[in-house]
Visitor: 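I'd like to ask some things about the structure below.
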Amino acid sequence: RRYGGDLAGVEQKIPYLRDLGINAVYFNPINDSPSLHKYDARSYHHVDVTFGDDIEGDMALMASENPADPATWKWTSADKKFLALVKKLHEAGIRVILDYSWNHTGNNFWAFKDLQKNLDMSPYKDWYNNVRFVQDASTGETRFEYDGWVGVRTMPELRKVDTQGKIPGHPYEGNLEPAVKQHIYAVCRRWMDPDNNGNFSDGIDGMRLDVAEHVPVGFWRDFRKFVRS
């Protein structure tokens with residue numbers, strides 16, 4: 001059972017927000033995730049299934065996709081409910097900001113689950129920071145080890161490349177793994193322009209980006225150019 005608000009509750013509060021003179025709403029992460037805080041994403045390109053009307057149906061839709069291929073992505077009931085809310089907020093003159101972390105995913109993220117299953121045969125073996133494949137001398141079995149963000153094992157850290165002068169908590173040069181970067185771009189395009197027609201009025205208006213100082217500034221330069229384009 002989940003305690004807390006839902007998208008219908010936000011919709012009910014639109015007149016109240018408008019009366020207050022609010023002109024933007026910032027959501028903490030609502031990407032699909034098993035936790036309440038949702039910084040441990042299971043999927044960036046879907047709204048959490050608990051915010052929709054058909055959890056089992058939404059999970060089945062997601063399972064039918066190739067999550068690495070945006071052409072196969074579908075709209076779940078939770079996704080549609082969020083986009084309907086965006087439309088109503090826009091009609092009230094209120095902009096919408098979503099919260100994402102491009103520094104790490106959850107350990108239930110689709111690419112990480114594939115890595116966990118297929119180890120060094122996974123096409124996503126380069127997606128995560130400092131992944132090590134270790135053979136157990138006693139059993140001969142191969143296991144993999146990885147870096148969780150600040151040691152949190154449920155938040156494996158996405159791979160940084162070409163880094164220079166990294167000091168924890170301070171901006172540093174470098175970038176993200178190219179395949180990871182392209183996936184992030186596809187996620188942004190999906191939520192900024194849901195019907196992919198070049199008209200951004202039906203999409204989100206901004207993003208709040210978590211632990212930005214842990215992501216190299218070379219990525220942020222490229223990311224800004226992409227989203228502003």
Side-chain angles (χ1 to χ4, degrees), residues 1-2 4 6-8 10-11 27-87 96 98-128 131 144 146 154-156 158-159 176-200 202-204 207 226-227:
R1 184 165 179 193
R2 300 295 178 108
D6 57 18
L7 298 177
V10 178
E11 182 180 337
F27 289 90
N28 282 115
I30 57 172
N31 47 225
D32 189 59
S33 159
S35 73
L36 293 178
H37 60 75
K38 305 204 179 304
Y39 286 104
D40 55 344
R42 182 165 53 197
S43 169
Y44 286 138
H45 65 280
H46 287 296
V47 168
D48 189 77
V49 293
T50 58
F51 293 133
D53 299 315
D54 182 6
I55 291 176
E56 290 186 5
D58 284 359
M59 292 292 282
L61 269 179
M62 292 161 64
S64 72
E65 301 173 335
N66 172 2
D69 180 5
T72 70
W73 294 354
K74 299 177 173 65
W75 295 105
T76 65
S77 74
D79 297 336
K80 292 174 182 177
K81 184 168 264 192
F82 172 68
L83 292 177
L85 176 60
V86 170
K87 184 174 188 293
V96 179
L98 283 189
D99 194 337
Y100 280 104
S101 177
W102 305 141
N103 177 70
H104 53 265
T105 68
N107 61 346
N108 286 288
F109 193 77
W110 55 270
F112 189 79
K113 295 297 283 184
D114 188 277
L115 176 58
Q116 209 169 27
K117 177 182 177 182
N118 297 306
L119 302 175
D120 57 345
M121 298 300 291
S122 171
Y124 311 109
K125 64 183 180 181
D126 295 327
W127 277 45
Y128 289 91
V131 169
F144 84 103
Y146 60 95
T154 55
M155 294 183 179
L158 291 165
R159 184 168 176 241
L176 287 183
E177 168 67 26
V180 171
K181 192 170 171 178
Q182 291 308 309
H183 180 68
I184 289 169
Y185 285 0
V187 171
C188 293
R189 186 179 296 279
R190 175 175 173 87
W191 295 116
M192 291 173 68
D193 184 14
D195 55 9
N196 199 29
N197 68 351
N199 177 357
F200 297 91
D202 55 348
I204 65 169
M207 282 171 270
F226 175 79
V227 295

Visitor: Checking ring-ring contact (aromatic ring centres under 6.0 Å, His included) against His45, which of Trp75, Tyr185, Tyr100, Trp73 comes through?
Guide: Trp73

Visitor: What do the steps show when you test Glu177 against His183 for side-chain hydrogen bond (donor to acceptor under 3.5 Å, both in side chains), and what is the final call?
Guide: CA-CA 10 Å; Glu177 168 67 26; His183 180 68; over 6 Å; no

Visitor: Can you name the closest pair of heavy atoms from Phe112 and Gly106 and give their distance?
Guide: CB-O, 4.2 Å

Visitor: Lys81 pairs by salt bridge (Lys or Arg N to Asp or Glu O under 4.0 Å) with which of Asp6, Asp53, Asp54?
Guide: Asp53

Visitor: Verify salt bridge (Lys or Arg N to Asp or Glu O under 4.0 Å) between Lys74 and Asp58, making sure each step is shown before the conclusion.
Guide: CA-CA 9 Å; Lys74 299 177 173 65; Asp58 284 359; over 6 Å; no

Visitor: Angle between ring planes, Trp127 versus Tyr124, binned at 30° and 60°: parallel, tilted or perpendicular?
Guide: perpendicular

Visitor: Determine whether Cys188 and Met207 satisfy the following criterion, side chain to side chain contact (heavy atoms under 4.5 Å, CB included), listing intermediate values before the conclusion.
Guide: CA-CA 9 Å; Cys188 293; Met207 282 171 270; 3.9 Å; yes

Visitor: With distance as the sole criterion, is a donor-acceptor pair present between the side chains of Asn66 and Thr72 under 3.5 Å?
Guide: no

Visitor: Identify the two heavy atoms, one from Thr76 and one from Leu61, that lie closest to each other, and give their separation to 0.1 Å.
Guide: CA-CD1, 4.0 Å

Visitor: For a quick test of reading the model, state the closest non-hydrogen atom pair linking Leu158 to Trp102 and the distance between them.
Guide: CD1-O, 3.5 Å

Visitor: After noting the C-alpha distance and the side-chain angles of Asp79 and Arg190, does the key distance pass the side chain to side chain contact (heavy atoms under 4.5 Å, CB included) rule?
Guide: CA-CA 11 Å; Asp79 297 336; Arg190 175 175 173 87; 3.2 Å; yes

Visitor: If you measure only the distance, is there a donor-acceptor pair under 3.5 Å linking the side chains of Thr105 and Tyr44?
Guide: no

Visitor: Report the distance from atom OG of Ser33 to atom CG of Asp40, rounding to the nearest 0.5 Å.
Guide: 3.5 Å

Visitor: Can you see which heavy atom on Asn196 is nearest to which on Arg189, and at what distance?
Guide: OD1-CD, 4.1 Å

Visitor: Let me see the working for Leu7 and Phe27 under side chain to side chain contact (heavy atoms under 4.5 Å, CB included), right down to the final yes or no.
Guide: CA-CA 10 Å; Leu7 298 177; Phe27 289 90; 4.3 Å; yes

Visitor: So Lys87 and Asp202, salt bridge (Lys or Arg N to Asp or Glu O under 4.0 Å) or not? Walk me through it.
Guide: CA-CA 6 Å; Lys87 184 174 188 293; Asp202 55 348; over 6 Å; no

Visitor: Look at the side chain of Asp193 and the backbone N and O of Gly198, then say whether any donor-acceptor pair between them is shorter than 3.5 Å.
Guide: yes

Visitor: Checking the side chain of Tyr39 only, and the main-chain atoms of His104 only, is there a donor and an acceptor separated by less than 3.5 Å?
Guide: no

Visitor: Ignoring hydrogens, what is the shortest heavy-atom contact between Met62 and Asp32? Give both atom names and the distance.
Guide: CE-OD2, 3.3 Å

Visitor: Counting N and O atoms only, with roles assigned by atom type, does the side chain of Asp114 sit under 3.5 Å from a partner on the main chain of Asn118, one being a donor and the other an acceptor?
Guide: no

Visitor: Under the side chain to side chain contact (heavy atoms under 4.5 Å, CB included) rule, what do Arg159 and Asp126 come out as? Steps first, then yes or no, please.
Guide: CA-CA 7 Å; Arg159 184 168 176 241; Asp126 295 327; 3.9 Å; yes

Visitor: Should Lys113 and Asn108 count as side-chain neighbours, where that means a heavy-atom distance under 4.5 Å?
Guide: yes

Visitor: Flag yes if more than 12 heavy atoms outside Lys181 fall under 6.0 Å of its NZ atom; otherwise flag no.
Guide: yes

Visitor: Would you tell me whether Ser122 and Lys117 have side-chain atoms, one donor and one acceptor, within less than 3.5 Å of each other?
Guide: no

Visitor: As an exercise, state the distance from CG of Asp48 to CZ of Phe82, rounded to the nearest 0.5 Å.
Guide: 13.0 Å

